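Reading through the structure tokens given below for one structure.
For clarity, every value in this text was computed on a predicted model and none was experimentally measured. Proteins get letters first, then strands, A, B, ... in listed order; numbering begins at 1 in each.
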2 protein chains.
Amino acid sequence: MHIVLHPEPTAARPTAARCAQCAFRALCLPENLSDSEVVRLEQIIGRRRRVLRDDVLFRMGEQSGMLYAVRFGHFKSVQTDRRGDQHITGFQMAGELLGIDSIGTGQHASTAIALEDSEVCEIPYAKLQELLVQIPRLMAHFHRIMGREILREQAVMIFLGNMRAEQRLASFLLNLSERYAMRGYSSRSFQLRMSREDIGGYLGLTIECISRQLARFRQNGWITLNKRSVELTDREALVALAAGLQPALDERQQRAA
Amino acid sequence: MHIVLHPEPTAARPTAARCAQCAFRALCLPENLSDSEVVRLEQIIGRRRRVLRDDVLFRMGEQSGMLYAVRFGHFKSVQTDRRGDQHITGFQMAGELLGIDSIGTGQHASTAIALEDSEVCEIPYAKLQELLVQIPRLMAHFHRIMGREILREQAVMIFLGNMRAEQRLASFLLNLSERYAMRGYSSRSFQLRMSREDIGGYLGLTIECISRQLARFRQNGWITLNKRSVELTDREALVALAAGLQPALDERQQRAA
DNA sequence: CGATCGATTGAGGGAACTCAACCCCTGTGG
DNA sequence: CCACAGGGGTTGAGTTCCCTCAATCGATCG
């Protein structure tokens, strides 16, 4: 829990949404939306909310009709099973939506936790629905977003189901890389915002396994690594690795080669 | 490939959709739809299509604006990765939707194969969209269906990520059981429509592992099993097993107890 | 300067995979 | 009618990859 020494600025002064100027507009909205349509969308969007690092945006099981668009920062989505074990169902970054998994049931299926100080836009699902009816293009776009989420989860299912640790990790790094590229950041080097433990929780591996695999990647020259900053020095190799075409060498094999 | 000796009846005589009388209407449609609204839905639904066992309804990568509602029968959804390995992303039964994963991209992300002789209703997504705008309740229902799919995949992610073979299999059997119960069939005994290999492909396990686990379940008295017909003789135990609270006993432990 | 958290590294064990043989059932053709 | 092939399933033996347990390290923070 954080102690807030200064008054929370957005709580005191609820700023209006400004999709029009938002840097990540292209990620949230369809391209061909008229100015007036964007204004109507802005009108239904609630206040912006700051979420400090490690703070909970919403909690699994909470009744909620709210979706959240990440303005900046990073989040993890966590599910807790009956035995109390935690599983990470996804990482969200700027321009991505949080809380889609509440649409079927009205209650959040996961807990959203900020990985760093972040900001989100509140989107009341009920009002969004009304708007979707008025702006069919927006509805189609919303469906695309949900469809993408389904595809993302299918991809995760596949690597959890039949990929080895090194393939999972390579896929994960490449996925982050692509998402940063789409946001105009470097696809070659970036910071991991999540702990090794979170990565393990997402990939279905232990923290030790993540650590070892990263070490192997570094020894093989696929990546350079310093704490949480990664550089993909041999993307080709990672791609081949992710596809399962080229196994990584361990120490003995390296010495032999 | 099947040789069709008699003309395909629905191809020759495209029967009109009849959602109103459909036994699984409650699964496809929201409850509070007026008769006229149901009629409008029926009008956009294309012909019914029969799909024979082992036949392909649609193929991964195909461009398509079509969704399919299963009228009767069972399907599996299969993805093939770059290395050529196949992974089962789901099993669909009467009242469930096929092809949702094409909504984001317009092309099917998986191949749908009939596990037995089956029948589906064609639903053109473009026309459905128009209707969703006119019938907001139907739109909300459609979103619920997509939301459910997201939740289902999350559940699969979790058991692929951190459950042992016995937990995955117990979860799988219980899930089938619940779905048959919702359809008015017995939740206690039913036929597995898919091969052991397909189950393995879905659960991220090998066929041998499935076979051994089923044998253990039977030895422990949780189920009775005859070829593909299963009876859940101790549901409590399976539930505890799925939750990871109670490990199954192997032969040695059984003798000791 | 300890305390703590995240991360790394090592040793050992176990669950699931691989490889292989075998069984059962069905269909097919001589 | 039998022989035989083939697919789906079961069972056994050996191996491997990852997990578990444990010690250590570095960085950060009070």
Side-chain angles (χ1 to χ4, degrees), chain A residues 1-3 53-54 76 83 85-88 115-116 159-170 191-219 223-230 241 244 247-253, chain B residues 2-3 53-54 76 83 85-88 115-116 159-170 191-219 223 225-230 241 244 247-253:
Chain A
M1 200 58 77
H2 286 256
I3 311 264
R53 180 185 167 137
D54 291 331
K76 63 176 171 182
R83 226 177 44 205
D85 294 340
Q86 297 208 326
H87 192 265
I88 313 267
L115 294 171
E116 60 186 335
F159 68 60
L160 289 180
N162 42 14
M163 284 167 102
R164 9 191 84 265
E166 56 188 20
Q167 295 177 265
R168 300 187 200 184
L169 190 55
Q191 294 282 329
L192 298 172
R193 320 294 165 126
M194 65 296 286
S195 68
R196 306 283 195 270
E197 189 166 11
D198 287 338
I199 299 176
Y202 183 58
L203 299 180
L205 300 168
T206 59
I207 180 174
E208 297 96 328
C209 185
I210 301 294
S211 191
R212 276 186 254 267
Q213 293 297 337
L214 284 174
R216 280 177 70 184
F217 282 15
R218 195 178 36 192
Q219 286 158 22
I223 64 172
T224 62
L225 183 63
N226 191 314
K227 314 218 181 190
R228 291 193 178 179
S229 73
V230 210
L241 195 59
L249 305 172
D250 62 20
E251 305 95 85
R252 265 175 307 171
Q253 293 170 320
Chain B
H2 286 255
I3 311 259
R53 178 183 169 140
D54 291 331
K76 62 176 172 182
R83 224 176 46 205
D85 294 340
Q86 297 209 327
H87 191 266
I88 312 269
L115 294 171
E116 59 187 334
F159 69 62
L160 289 180
N162 42 16
M163 283 164 91
R164 4 190 83 267
E166 56 188 19
Q167 295 178 266
R168 301 187 199 183
L169 190 55
Q191 294 281 329
L192 298 171
R193 320 292 165 129
M194 65 295 285
S195 67
R196 305 286 195 267
E197 189 166 11
D198 287 338
I199 298 177
Y202 183 58
L203 298 180
L205 300 167
T206 58
I207 180 174
E208 296 97 328
C209 186
I210 300 293
S211 190
R212 276 186 254 266
Q213 292 297 337
L214 284 174
R216 279 179 70 187
F217 283 15
R218 194 177 36 190
Q219 285 159 20
I223 65 172
L225 183 63
N226 192 315
K227 313 219 181 189
R228 291 194 176 178
S229 72
V230 210
L241 195 59
L249 305 173
D250 62 18
E251 303 95 85
R252 266 175 306 171
Q253 292 170 319

*Just how far, in rounded Å, is C1' of D:dG8 from CZ of B:R193?*
18 Å
*asked:* Expressed as a whole number of angstroms, how long is the span from B:R53:CZ to D:dG7:P?
replied: 14 Å
*Separation of atom CG in B:D85 from atom C1' in C:dC17, rounded to whole Å*: 14 Å
_Considering all heavy atoms, the nearest A:I210-A:L169 contact_ = O-CD2, 4.2 Å
*asked:* Counting only heavy atoms from other residues, nucleotides and ligands, does the tally under 6.0 Å from CD of A:E197 exceed 12?
replied: no
_B:D198 CG to D:dG7 C1', straight-line distance once rounded to whole Å_ = 13 Å
*Rounded distance in Å - CD1 (B:I210) to P (D:dG8)*: 16 Å
*Under the side chain to side chain contact (heavy atoms under 4.5 Å, CB included) rule, what do B:R228 and B:R196 come out as? Steps first, then yes or no, please.*
CA-CA 9 Å; B:R228 291 194 176 178; B:R196 305 286 195 267; 4.2 Å; yes
*Out of D:dT28, D:dT10, C:dT8, which nucleotide sits closest to the side chain of A:I207?*
C:dT8
*asked:* What is the separation between atom CD on A:Q191 and atom P on C:dG6, rounded to the nearest whole Å?
replied: 17 Å
*Residue pair B:Q191 / B:R193: nearest heavy atoms and the distance that separates them*: O-NE, 3.2 Å
Polar atoms only, N or O, under 3.5 Å: list the protein pairs with nucleotides 14-18 of chain D and their distances.
unit_1	atom_1	unit_2	atom_2	d
D:dC18	OP1	A:A165	N	2.6

_A:L160 CG - C:dA16 C1' separation (whole Å)_ = 16 Å
*Return the minimal non-hydrogen interatomic distance between B:F217 and B:E166, and the atom names on each side.*
CZ-O, 3.5 Å
_Please find the pair of heavy atoms, one from B:N162 and one from A:Q86, that lie closest to each other, and give the distance._
ND2-O, 3.9 Å
*Could one point to a donor on the side chain of A:R212 or the base of C:dG10 with an acceptor on the other under 3.5 Å away?*
yes
*Name the residue closer to the 5' end of DNA chain C, choosing between A:L214 and A:G161 according to the nucleotide with the nearest heavy atom.*
A:L214
_Pairwise distance CD1(B:I199) to OG(B:S211) - rounded to 0.5 angstrom_ = 10.0 Å
*Give the rounded distance in Å between these two atoms: CG of B:N226 and C1' of D:dG9.*
13 Å
*Can you check whether any acceptor in the base of D:dC21 is under 3.5 Å from a donor in the side chain of A:E208, or vice versa?*
yes
